[in-house]
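Encoded as structure tokens, the structure appears first; notes follow it.
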Protein chains: 2
Amino acid sequence: MTISEENYIKVIYHLSLVSPKGVNTNAIAGMLDTKASSVTDMMKKLSDKDLVSYQKYQGVTLTDKGLHSAKMIVRKHRLWEVFLVDKLGFSWDEVHEIAEELEHIKSEQLINKLDAFLGFPVADPHGDPIPDAKGVIKKIEKQLLSEVEINASFHCVGVKDSSTDFLKYLDKQKIALGSVVKVIDKEDFDDTLTVEIDGKRLTISNKIANNLYVQ
Amino acid sequence: MTISEENYIKVIYHLSLVSPKGVNTNAIAGMLDTKASSVTDMMKKLSDKDLVSYQKYQGVTLTDKGLHSAKMIVRKHRLWEVFLVDKLGFSWDEVHEIAEELEHIKSEQLINKLDAFLGFPVADPHGDPIPDAKGVIKKIEKQLLSEVEINASFHCVGVKDSSTDFLKYLDKQKIALGSVVKVIDKEDFDDTLTVEIDGKRLTISNKIANNLYVQ
DNA sequence: TTTTATTTTTAGTTTTGTCTAAATTTAATT
DNA sequence: AATTAAATTTAGACAAAACTAAAAATAAAA
Ligand SMILES: [Mn+2]
Ligand SMILES: [Mn+2]
Ligand SMILES: [Mn+2]
Ligand SMILES: [Mn+2]
């Protein structure tokens, strides 16, 4: 598999979590910052290699083979992110780009040894689950902070949006994975929340609460 | 710089340590397992980018810019090799191939943090020196075991040939970097050596002694 | 110093992954 | 149901990096 093919497979994987019936050509093009016609070309190639099942105009889905490949790429991406944060001291908003490159390094032995070196982590720095060597993903129970009952305590366990902007906002507010959160009050008009994070009062918009997973 | 361009630059660097006057097209082709005509094409491209100075039929040399790039690639290669051996537990004959891929990961911050994480090593698992962040290479004093006086003690500090076959031979004979070696006797006819390695007697051929650096 | 051999370069293709522009199919509106 | 709009695919072209075969330059041998 070339790097380009791997990037397509990974994007199809992420999109098919939202649209399991079939992923649109345009959606893929949007994610990869390329043109729909290029996507069509690549779908034929991936279909020939039995990585996706594709019929014209109907969108694509991953085959078993394609799904497994995708999980291995995601596994590598997330393990490298853990390495970069835990071992090299990068912050969680700096690692995605580098992991985009590292995820294409080929050796299976490498990634399994890395996994062991990191202590077999189950989640990456953004709270996303790490597939094991067989591709099994341990589901992490979580809810969006926006959908949680008032006056109960939770732990931050992940982010939905992992853009630099959002992560830096969380840093500024001293919100990290592991922080204890309690919703004190919810404004009816715009769903703004008053929360207590690690004991400190804070007002956060619905947009924030909608991108923070708690458990 | 593309991966292909980086590979050419690195090969030219290694070859120019032996032929500083100018590196042959055929030599480059041989190292990269490609054809001379492909090399010529690439030399034009690298010349346009001011990474090599090239005139037809006269061979190529690296420009200052090219030399610096080459050293940064070598730096990455060797640091990753240290990581693979010291942190992940690979043996010294397994790491070269993987480092061939890792050396192309782009981030400068990554490599400098990796360097720090590894404790700023000065040599890789094969005893080859690691350029620092500025490209400075600390010269390691060393001689070939074949050229050393009899009855003096030395330490193994590197290998000239780092092929799997040779490294596995050394493993089998329990010769490692750091081992103490003393030449007891040299056979005049074929330069076979009788040596003592960490106290144990051993007979080794001239070919072996010619590929082992001591200090 | 010719002649021959080797090395290197040029010319013309191929493959991969991309693009634009045009054609086609499907979806959405009147 | 007919028309318009949007999504998707085809056709044709291009750049990167490789190849083969032929031409040209350099080096070695006679
Ligand atoms: Mn990421
Ligand atoms: Mn992540
Ligand atoms: Mn190496
Ligand atoms: Mn090495």
Side-chain angles (χ1 to χ4, degrees), chain A residues 1-16 18-62 66 69-70 73 100-101 103-104 106, chain B residues 1-16 18-62 66 69-70 73 100-101 103-104 106:
Chain A
M1 260 219 232
T2 66
I3 290 178
S4 191
E5 286 170 348
E6 290 192 342
N7 282 331
Y8 274 95
I9 288 293
K10 190 184 53 164
V11 159
I12 295 167
Y13 171 75
H14 286 308
L15 290 172
S16 63
V18 181
S19 25
K21 308 261 152 193
V23 177
N24 293 338
T25 301
N26 263 350
I28 298 169
M31 294 277 278
L32 285 170
D33 205 31
T34 184
K35 295 296 151 68
S37 55
S38 307
V39 175
T40 301
D41 286 346
M42 184 57 91
M43 290 313 102
K44 287 173 184 168
K45 193 180 313 178
L46 295 179
S47 182
D48 288 346
K49 293 193 172 188
D50 196 33
L51 290 162
V52 302
S53 65
Y54 166 68
Q55 53 243 62
K56 285 198 210 177
Y57 297 101
Q58 301 310 123
V60 286
T61 53
L62 292 173
S69 304
I73 300 165
E100 285 290 307
E101 291 189 59
E103 75 190 2
H104 301 292
K106 292 279 171 298
Chain B
M1 260 220 231
T2 65
I3 290 178
S4 191
E5 286 171 347
E6 290 191 343
N7 283 331
Y8 274 95
I9 288 293
K10 191 184 52 163
V11 159
I12 294 167
Y13 171 75
H14 286 307
L15 291 172
S16 62
V18 181
S19 24
K21 308 259 151 194
V23 177
N24 293 338
T25 302
N26 263 350
I28 299 170
M31 293 278 278
L32 286 169
D33 204 31
T34 184
K35 295 295 150 70
S37 56
S38 306
V39 175
T40 301
D41 286 347
M42 184 57 91
M43 290 313 101
K44 289 175 185 166
K45 193 182 314 178
L46 295 179
S47 182
D48 288 346
K49 293 193 174 186
D50 196 35
L51 291 162
V52 302
S53 66
Y54 166 68
Q55 53 242 61
K56 286 199 210 176
Y57 297 100
Q58 301 311 123
V60 286
T61 53
L62 292 173
S69 304
I73 300 165
E100 285 291 306
E101 290 188 59
E103 74 190 2
H104 301 293
K106 293 280 173 296

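Chain A is the first sequence line, chain B the second, and so forth, proteins listed ahead of strands; every chain is numbered from 1. Because the structure is a prediction, the values reported are computed rather than measured.
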Across all chains, not counting sequence neighbours, the salt bridge (charged side-chain N to carboxylate O under 4.0 Å, His left out) partners of K35(A) are none
Does dC19(D) have its OP1 or OP2 closer than 4.0 Å to a side-chain nitrogen or oxygen of T34(B)? yes
Mark up nucleotides 3-14 of chain D, 5' to 3', with B wherever a protein heavy atom is under 4.0 angstrom from a base atom, S wherever such an atom reaches only the sugar-phosphate, and - elsewhere. ----SBBB----
Phosphate OP1/OP2 of dT16(C): any Y8(A) side-chain N/O under 4.0 Å: no
Restricting to salt bridge (charged side-chain N to carboxylate O under 4.0 Å, His left out), what partner residues turn up for K106(A), sequence neighbours left out? E6(A)
Backbone N or O of Y13(B) within a donor-acceptor pair of the S16(B) side chain at under 3.5 Å? yes
Taken in chain and number order and not counting sequence neighbours, the residues that satisfy side-chain hydrogen bond (donor to acceptor under 3.5 Å, both in side chains) with Q58(B) are none
CG of D33(B) versus P of dC19(D): gap in Å, rounded? 8 Å
For K35(B) and dT20(D), is the shortest distance between a side-chain N/O and OP1 or OP2 below 4.0 Å? yes
Kindly write out the residues that satisfy side-chain contact (heavy atoms from CB on, under 4.5 Å) with L32(A), not counting sequence neighbours, or none if the list is empty. N7(A), Y8(A), V11(A), I28(A), T34(A)
Nucleotide dA17(D), atom P - distance to CD1 of I9(B) in whole Å: 12 Å
Nearest whole angstrom, please: distance from the C1' of dT16(C) to the NZ of K49(A). 10 Å
Residues passing the side-chain contact (heavy atoms from CB on, under 4.5 Å) test with S69(A), sequence neighbours excluded, are M1(A), I9(A), L51(A)
